[in-house]
Visitor: 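Mind having a look at this structure? Questions to follow.
Note that these values count all heavy atoms, side chains included, but never hydrogens, waters or copies made by symmetry. As the structure lists them, so they are numbered: ligands from 1, and atoms in each ligand from 1. The first residue of the sequence shown is numbered 1, and numbering continues consecutively from there.
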Amino acid sequence: MSVVTRFPPSPTGFMHIGTARTALFNWLYARKHGGKMLFRIEDTDRKRHNEAAVENLIAGLKWLGLDWDGDIVSQYEQRQRHAEIAKELLAKGKAYYCYCSPEELEEMREAAKKEGRMSFYDRRWRDADPSSAPNDIAPVIRIKAPLEGATTIQDSVQGDVTINNEQLDDFIILRSDGSPTYMLSVVVDDHDMGVTHVIRGDDHLNNTFRQNVIYDAMGWDKPTYGHLPLILGSDGAKMSKRHGAASVEEYRDMGYLPAALRNYLLRLGWSHGDDEIISDEQAREWFDLSGCNKAAARFDFAKLESINAHYIKETASDELIERALPFYQSRHDIEPGAEAISMIKQGIEELKSRATTLLQFVDESVFYAKTVPLSYDEKAAALLNTDAAPVLKALLDGFENIDTLDEQAIKNLCKEVAKTHAEGKMGKVGMPLRAAITGTTVSPSIFEACAILGKDETCTRLKAAIDCIKNSDTIKQSG
Ligand code: GLU
């Protein structure tokens, strides 16, 4: 039997990080077994439906680097088929019409609440005579849940989970307006799509028992289940917006690479010995439901960052720069041209070795794409003071007279200027130089940066910094 998994998100507006992990696990399981992962949008809630949310899910999955097989299925479009199955269950005597009025249901709900019962419906129409049906109430269809015994789910992650059938209610499968309920739709779709493995969050475990009632009533084979524990925030509560980032989009915008997020999400809930860095190939080979943790895992940003740093180093330069490009625009309003990109590439090994996120990579390389007049951040501006002016002037003279501008030559020049102008202190030379060249106080090696920028651009930036000090001095003096 070939494996068929499914990714069936509800279009709620964004892709939750837990949904992303579920997608990853379904994808890995399908790919490992040479099977298929199907993609179904659970869009039956038409009131809240919005197409942008669907697009978001598709974009999220694509960004994560996960693919699916076949066309995307809309659950809503299958609603006729779902309704037919409800009628079939009725004809088989496995379901029945229920004519309870809202008031009657309310009474039953109240009574159950007082007695502390979970299921409230008292099954009054289960065996009632159809001729006693009122004319003025459109009925719902309810499934006949077993009244006695127990049900066990052999869950591939949780192990055997058993409940008493008393806990099951005769839940509604078709509403009075003829629309199918979620519980029915999921089962019919999974059956029709040939799903063999249902891997999903353990918040669906209760649903599984109810869904099994439908499988049994139809005489359909049940899929193998694997219910994954939730992802928790660092405080132990379900991962949500207030933990900083709950959606895949936010991780993309914080500068994480999809490969790093895949690796991190895999490890968050599944393990293979002590391995932390696991390539896609290894994941496909090693992944198994039995390796999934039963307990909920806490999200650890520090670990994600260290995994991200690893993948930044591993990613080919062209790909890394392509992924970084939108951030130059969004963070610095700069679109690096071909020349800047070529400079970034020259300095990429050091940039990669320092960066834990793409944002850091961009912030520390954007100076290559800047032109004079540079904007100086607050700390850099503070370094560009009258004390620094003679140092920068001496550096400018030195750069203008340097023959071959390589890192060693620049280092020698700085040492020389430190001796003559800064009591031998390299920091007093390197720091204003960095401020003048990059407009910041954080960057890769300033010797390398100047060597890559070249003599002309380095001198231009030094002159601009000296002018800037002079002008602010004039302003101060005249003020
Ligand atoms: N649509 C459900 C959700 O987004 C998934 C249901 C399932 O996996 O059966 O939580």
Visitor: Regarding R40 and D190, does a basic nitrogen lie under 4.0 Å from an acidic carboxylate oxygen?
Guide: yes
Visitor: Quick one: sort the Y29 and F287 rings into parallel, tilted or perpendicular, breaks at 30° and 60°.
Guide: perpendicular
Visitor: Under 4.0 Å between a side-chain nitrogen and a carboxylate oxygen: does that hold for K87 and E84?
Guide: no
Visitor: Assess the pair Y264 and F299: is the distance between their ring centroids shorter than 6.0 Å?
Guide: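 Between Y264 and F299, the centre distance is under 6.0 Å.
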Visitor: Give every donor-acceptor pair under 3.5 Å between a side-chain atom in residues 342-350 and any protein atom, sequence neighbours left out.
Guide:
| unit_1 | atom_1 | unit_2 | atom_2 | d |
| --- | --- | --- | --- | --- |
| K345 | NZ | D318 | OD1 | 2.9 |
| E350 | OE1 | S445 | N | 3.4 |
| E350 | OE2 | S445 | N | 3.2 |

Visitor: With a 4.5 Å limit on heavy-atom distance, are the side chains of E51 and V54 in contact?
Guide: yes
Visitor: Output the set of protein residues with a heavy-atom contact under 4.0 Å to ligand 1, ordered first by chain identifier and then by residue number.
Guide: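 Heavy-atom contacts below 4.0 Å: R6, P8, P9, S10, E42, Y182, R200, H204.
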